[in-house]
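Encoded as structure tokens, the structure appears first; notes follow it.
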Amino acid sequence: MLLSAVGCHRSEEGAQSSEVFFRENSVTVEKYETYTLELQGAEGKQIEWKTNDEAVATVQDGVICGWKKGNTQILACVDGVEVSCSVIV
């Protein structure tokens with residue numbers, strides 16, 4: 001799976017990172033288990049989800065699935081602002 005960050009960056013105009021944020025800074029997920037992230041300030045908006053390491057954990061619509069022990073970052077992009085949450089499997 002190829003993930004793209006096109007159009008996803010910290011915006012200097014308009015959006016501020018404090019407007020959109022994860023309720024959690026870090027989560028622990030057991031191998032083969034799932035966890036649903038809570039993204040605040042993104043209600044009704046399009047969210048682009050991605051992971052830094054798909055071998056450790058994947059994410060789809062905010063639902064993380066742990067695949068192997070390790071650490072990764074889950075990223076969400078909303079209105080040009082990217083926020084992250086650390087994930088430990």
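It should be emphasised that the depicted structure is a prediction, and the values quoted were computed from it without experimental measurement.
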> Gln40: what forms a side chain to side chain donor-acceptor pair (under 3.5 Å) with it, not counting sequence neighbours?
Replying inline: none

>> Rounded to the nearest 0.5 Å, what separates atom CG in Asn25 from atom SG in Cys85?
In response: 7.0 Å

>> For Phe22 versus Ala76, what's the shortest heavy-atom pair and its separation?
In response: CZ-CB, 3.8 Å

>> For Leu39 and Val78: C-alpha separation, side-chain torsions, deciding distance, then whether side-chain contact (heavy atoms from CB on, under 4.5 Å) applies.
In response: CA-CA 10 Å; Leu39 187 61; Val78 179; 3.9 Å; yes

> Is the closest side-chain heavy-atom distance between Leu75 and Val83 below 4.5 Å?
Replying inline: no

> Are any non-hydrogen side-chain atoms of Leu37 and Trp49 less than 4.5 angstrom apart?
Replying inline: yes

> Any idea which heavy atoms bring Val20 and Ala42 closest together, and the distance?
Replying inline: CG1-CB, 4.5 Å

>> My understanding is that only residues two or more places apart in sequence, or in another chain, count here; which of them pass salt bridge (Lys or Arg N to Asp or Glu O under 4.0 Å) with Lys69?
In response: none

> Can you list every salt bridge (Lys or Arg N to Asp or Glu O under 4.0 Å) pair that touches residues 29-42, not counting sequence neighbours?
Replying inline: Arg23-Glu38

> Taking side chain as C-beta onward, heavy atoms only, is Val29 less than 4.5 Å from Val87?
Replying inline: yes

> So do the side chains of Ile74 and Ile64 get within less than 4.5 Å of each other, counting heavy atoms only?
Replying inline: yes

> Do the side chains of Trp67 and Thr58 get nearer than 4.5 Å, heavy atoms only?
Replying inline: yes

>> Side chains of Ser86 and Gln73 only: does a donor on one sit below 3.5 Å from an acceptor on the other?
In response: yes

>> If I compare all heavy atoms of Val56 with all of Asn71, which pair ends up nearest, and what's the gap?
In response: CG1-N, 4.0 Å

> So does Glu82 pair up with Lys50, basic N to acidic O under 4.0 Å?
Replying inline: yes

